[in-house]
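As structure tokens, the structure follows; a few thoughts come after it.
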Amino acid sequence: MSKIKTNQPKPKPAYQRIKDSILENIHSGIWQAGEAIPTEFELADKFGVSRMTVNRALKELSEERVLQRRQGSGTFVAQQKYNHTVVEVRNIAADIKAMGKQYVAQVISQRRVAASKVSPRILQLLTSAMIEESTPLENSLFQRQKSDLIDEVKIIHIADGKPIQFEERWVDASLVPNFIEKDFTKINTSEYLIEQAPLQGGNYTIRAIAAPKEVAKALSIKVGAPSLLLSRQTYSSGRVVTYVDMWHAGDSYQLAGTL
């Protein structure tokens, strides 16, 4: 009898586990900006690894501007440029329910595909290396293999029976291997991703665009009607975890905040 092959995710290397632990402590508020983190000796003892392994993790997080290493003083949590942004990573289900409205998520499609089946634009935005602040998204280096796996979901978020947001999302399956198995009528995509891959930062754009056919159908508006598109990349451990396009009907959605 032939054995059935299963695609089990490979265990993370030790240095990556250390990076993830440091990021989790930072984003949970345990370690604040400007605060010193444990020494290489302490981290090596905690994780049962060599100082060389710890040094690699700290070096990469320093290059990603998460940590700041000061010779003779130690390693500190860097001041993050993403602490205050115009657009937060929000849970739309919670926002709709907070307004006293009934929330429903309608999953249009949910699939895992080879990178070769995804558009070149999306692949470029899912580049494997974190994009520097000075580098436009369209000029980022593409470093993904055609055999890499990408998760794609399309979801309509509905409030009191009216479509509010059409979400098109792509996720690096190697970073969040169980993403595609989840029931997104019950679980919010952004919330789940942050739980699985602690948020390091991101880039976003907001544009007014005439609604294309698929978007118009999802939002129950006319083709070519005004729509507001919020596009966002988010990072964890220096890699793009997800890219998402969030479409909204132009006559029923606005962005607001307090200065």
Side-chain angles (χ1 to χ4, degrees), residues 3-27 47 49 53-54 56-67 82 89 107 109-132 135 137-155 167-184 187-204 231-246:
K3 294 183 179 180
I4 298 175
K5 295 183 179 180
T6 57
N7 294 323
Q8 294 293 334
K10 295 181 181 179
K12 290 184 179 180
Y15 80 91
Q16 187 62 57
R17 288 191 285 108
I18 297 170
K19 290 178 66 175
D20 290 346
S21 176
I22 291 172
L23 285 169
E24 184 175 352
N25 283 335
I26 293 173
H27 293 295
F47 288 94
V49 298
T53 300
V54 174
R56 175 176 176 178
L58 299 185
K59 181 176 182 293
E60 290 191 6
L61 286 173
S62 298
E63 292 172 349
E64 293 159 13
R65 296 175 292 180
V66 173
L67 299 177
Y82 302 110
V89 178
V107 178
S109 66
Q110 185 169 339
R111 62 176 187 159
R112 172 167 289 177
V113 298
S116 59
K117 301 295 185 180
V118 180
S119 75
R121 182 182 79 89
I122 297 302
L123 289 179
Q124 192 171 10
L125 291 165
L126 283 171
T127 177
S128 61
M130 185 171 179
I131 298 167
E132 296 294 333
T135 305
L137 297 184
E138 61 268 25
N139 293 333
S140 59
L141 293 177
F142 172 64
Q143 301 176 354
R144 189 170 295 281
Q145 301 298 315
K146 291 182 179 181
S147 59
D148 289 349
L149 297 177
I150 307 296
D151 290 343
E152 176 190 273
V153 296
K154 297 184 180 183
I155 304 169
E167 173 184 349
E168 297 181 287
R169 183 182 294 275
W170 295 267
V171 176
D172 185 333
S174 69
L175 295 178
V176 192
N178 296 323
F179 175 81
I180 204 64
E181 302 169 3
K182 299 305 172 183
D183 182 354
F184 293 117
I187 299 172
N188 178 262
T189 51
S190 293
E191 188 173 44
Y192 179 74
L193 287 169
I194 290 173
E195 288 176 357
Q196 300 300 310
L199 178 65
Q200 178 183 347
N203 297 301
Y204 67 85
S231 302
R232 184 177 65 225
Q233 288 170 305
T234 51
Y235 309 100
S236 183
S237 302
R239 293 178 61 184
V240 178
V241 176
T242 181
Y243 172 77
V244 59
D245 281 336
M246 291 172 282

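- Counting heavy atoms from C-beta on, the side chains of Phe47 and Val54 never come closer than 4.5 Å.
- Between Tyr192 and Phe184, the two ring planes are perpendicular [angle over 60°; tilted spans 30° to 60°].
- By the 4.5 Å heavy-atom criterion applied to side chains, Val171 and Leu193 are counted as neighbours.
- In terms of the ring-ring contact (aromatic ring centres under 6.0 Å, His included) criterion, Tyr15 has no residue partners (sequence neighbours excluded).
- The shortest distance between side-chain heavy atoms of Leu123 and Trp170 does not fall below 4.5 Å.
- Arg169 is not listed as a side-chain neighbour of Glu152, based on a closest heavy-atom distance of 4.5 Å or more.
- The shortest side-chain heavy-atom distance between Leu67 and Ile22 falls under the 4.5 Å cut-off.
- At a threshold of 4.5 Å between non-hydrogen side-chain atoms, the residues Ile155 and Thr189 count as touching.
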Using the rule given for side-chain hydrogen bond (donor to acceptor under 3.5 Å, both in side chains), can you reason through Thr242 versus Gln233, listing the C-alpha separation, both sets of side-chain angles and the distance that settles it, and then say yes or no? CA-CA 6 Å; Thr242 181; Gln233 288 170 305; over 6 Å; no
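- With values rounded to the nearest 0.5 angstrom, Leu58 atom CG is found 11.5 Å from Glu63 atom CD.
- Evaluation of the side-chain contact (heavy atoms from CB on, under 4.5 Å) rule for Arg121 yields Ser119, Leu125, Tyr243, Asp245 as partners, not counting sequence neighbours.
- To the nearest 0.5 Å, atoms CD1 (Ile18) and CG (Leu61) are separated by 10.0 Å.
- With contacts defined as side-chain heavy-atom distances shorter than 4.5 Å, the pair Leu23/Ser236 qualifies.
- Annotation: side chain of Ser190 is in contact with side chain of Arg232 (closest heavy-atom distance under 4.5 Å).
- In terms of heavy-atom proximity, Ala197 sits nearest to Val176 at CB-CG2, 4.5 Å.
- Among residues two or more places apart in sequence or in another chain, the side chain to side chain donor-acceptor pair (under 3.5 Å) test is passed with Thr53 by Ser50.
- Considering only residues two or more places apart in sequence or on other chains, Gln16 meets the side-chain contact (heavy atoms from CB on, under 4.5 Å) condition with Lys12, Pro13, Lys19, Asp20, Ser237.
- Annotation: Glu24, atom CD; neighbour count of heavy atoms from other residues, nucleotides and ligands within 6.0 Å does not exceed 12.
- A search for salt bridge (Lys or Arg N to Asp or Glu O under 4.0 Å) contacts involving Lys154 returns Glu168, Glu214, not counting sequence neighbours.
- Judged as a side-chain contact (heavy atoms from CB on, under 4.5 Å), and not counting sequence neighbours, the contacts of Ile180 are Gln110, Arg112, Asp151, Val153.
- Here the OG1-CG distance, from Thr234 to Asn203, works out to 10.0 Å after rounding to the nearest 0.5 Å.
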